[in-house]
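One structure is given here, and the rest of the page talks about it.
Chain letters run A, B, ... following the sequence lines, proteins first and then strands; every chain starts at 1.
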2 protein chains.
Amino acid sequence: MNLPPLVQSFVLHFGEMGSRWGINRTVGQIYALLFVSPAPLCAEEIADSLSISRSNVSMSLRELQAWNLVLLKHKPDDRRDFFTTPDDVWQILRTLAEERKKREVDPTLSVLREILMQRPASDAERYAQERMSDMHTLIEQLTHWYEDVKQLETERLATLLSLGAKVTKLLEAKDRVVSLGRSRRPNPANKS
Amino acid sequence: MNLPPLVQSFVLHFGEMGSRWGINRTVGQIYALLFVSPAPLCAEEIADSLSISRSNVSMSLRELQAWNLVLLKHKPDDRRDFFTTPDDVWQILRTLAEERKKREVDPTLSVLREILMQRPASDAERYAQERMSDMHTLIEQLTHWYEDVKQLETERLATLLSLGAKVTKLLEAKDRVVSLGRSRRPNPANKS
DNA sequence: CAGTGATTTCAGAAATTTCTGAAATTACTG
DNA sequence: CAGTAATTTCAGAAATTTCTGAAATCACTG
């Protein structure tokens with residue numbers, strides 16, 4: 001591996017992290033490399049920089065494309081493919097969230113729903129279903145929240161983030177304001 | 001594997017999912033089994049239910065304990081250990097979030113900070129640092145938000161979730177109200 | 001349509017991870 | 001403190017994943 005030392009640390013760390021997620025080491029490294037490269041790279045350059053085989057690069061890029069994590073660029077009069085990542089880190093975050101949801105959350109929800117449809121044949125099964133139902137409810141709540149906030153422009157999302165838990169203060173304030181105007185209505189926020 | 005069919009589907013799915021995260025298949029299966037079991041199980045029972053070796057169970061339980069995902073129980077006059085998961089799915093979610101942060105986010109932040117301290121020795125390194133700085137900023141924002149909302153009681157957290165993007169409506173409303181009272185102050189929410 | 005360079009595919013090699021059974025350890029008990 | 005049951009450890013077997021080099025495919029070009 002023949003990279004500026006500072007880039008190399010980054011690439012190696014993402015390799016490690018890659019294996020801790022489902023992504024493998026090489027895929028993580030390639031992504032990291034593309035992320036910090038000022039210009040798009042072609043497969044050959046990636047293979048050289050990371051000292052891995054050309055075919056490994058090919059397969060790993062395919063994987064990254066399946067995750068929508070890389071962009072394909074072309075230079076005039078050059079028929080090689082060049083690869084980059086999106087510039088906007090928020091966009092990257094959105095893509096990651098979306099893909100992980102698609103691969104992990106959605107299938108889980110569908111398995112849970114499937115099981116919850118079935119008729120329990122014993123007490124053990126009845127209890128198991130209750131537990132799964134709790135899990136299903138929680139995941140659905142999280143998913144709905146996600147589907148909702150992902151629509152927000154980045155600007156607003158960032159504002160919301162920086163507010164953090166302080167939004168609850170706002171909620172309380174709103175409750176008070178609303179109770180002034182209307183007749184008793186303890187917690188209007190509870191409706192879905 | 002000798003389990004009620006409905007439990008078996010669940011266990012198998014979590015096994016699959018396990019491998020997609022860093023967690024391995026057996027660990028995922030054991031967790032799923034404990035999650036839907038009405039009473040705590042001992043290692044032997046787990047090994048039998050999942051048809052895996054006793055030693056594998058031992059190592060996997062150790063792993064789950066390192067993640068704080070299982071509880072140890074004891075029966076009077078029985079010196080075996082019995083295992084369960086917490087009842088509250090919100091609590092489980094909190095633990096998961098906390099552990100993943102500890103293992104994935106924190107180390108990444110610290111690598112990024114480390115690199116950003118260094119002096120770039122070339123244009124390539126300078127550019128790489130800019131990119132890493134963007135990433136660092138984003139992760140810090142997310143982390144701060146997380147540290148903030150994780151303090152909330154579950155009740156409030158759930159309310160916040162169910163509100164979703166509608167909080168921004170509230171923000172706008174607040175802006176209007178505040179502008180009525182005070183002299184011009186366009187976006188008070190922006191301060192960190 | 002032969003020639004060339006880029007890319008992909010894929011069988012098997014290499015590396016890594018997971019799992020097991022046997023042995024060791026721990027923690028009691030009579 | 002010998003005996004016993006539960007548990008852990010760990011070397012190597014088994015399974016899985018990752019990676020490579022050689023061959024095939026693709027997309028042009030003269």
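With hydrogens and angles disregarded, a donor-acceptor distance shorter than 3.5 Å links the side chain of A:Q129 to the backbone of A:I115.
Listed by chain and residue number, A:K101, A:L109, A:I139, A:T143 satisfy the side chain to side chain contact (heavy atoms under 4.5 Å, CB included) test with A:V105 (two or more places apart in sequence, or in another chain). Here A:R80 pairs with A:C42, A:D78, A:F82 under the side chain to side chain contact (heavy atoms under 4.5 Å, CB included) rule; sequence neighbours left out.
Backbone-only contact: B:R80 has heavy atoms under 4.0 Å from sugar-phosphate atoms and none from a base.
More than 12 heavy atoms of other shown residues, nucleotides or ligands fall within 6.0 angstrom of atom CZ in B:R100.
For the side chain to side chain contact (heavy atoms under 4.5 Å, CB included) test with B:L41, the passing option among B:T84, B:I46, B:V57, B:I30 is B:I46; the others fail.
Candidate nucleotides C:dT8, D:dA27, D:dT9 were compared by shortest atom distance to the side chain of A:R79, and D:dA27 ranks first. The nucleotide whose nearest atom lies closest to any side-chain atom of B:S58 is, among D:dT8, C:dT9, D:dA5, D:dT8.
Rounding to whole angstrom units, CD of residue A:E44 and C1' of C:dA6 are separated by 9 Å. Atom CZ in A:F83 sits about 11 Å away from atom C1' in C:dA6, given to the nearest Å. Rounded to whole Å, atom C1' of C:dT4 lies 14 Å from atom CG of A:D78. Counting to the nearest Å, the C1' atom of C:dT4 and the CG atom of A:D77 are 17 Å from each other. If you measure from atom CG of B:L41 to atom P of D:dA6, you get 15 Å, rounded to the nearest angstrom.
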Reading 5' to 3' through nucleotides 11-21 of chain C, protein heavy-atom contacts under 4.0 Å coded B for base, S for sugar-phosphate only, - for none: -------SBBB
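Heavy-atom minimum distance, A:K166 versus B:D148: N-OD2, 4.1 Å.
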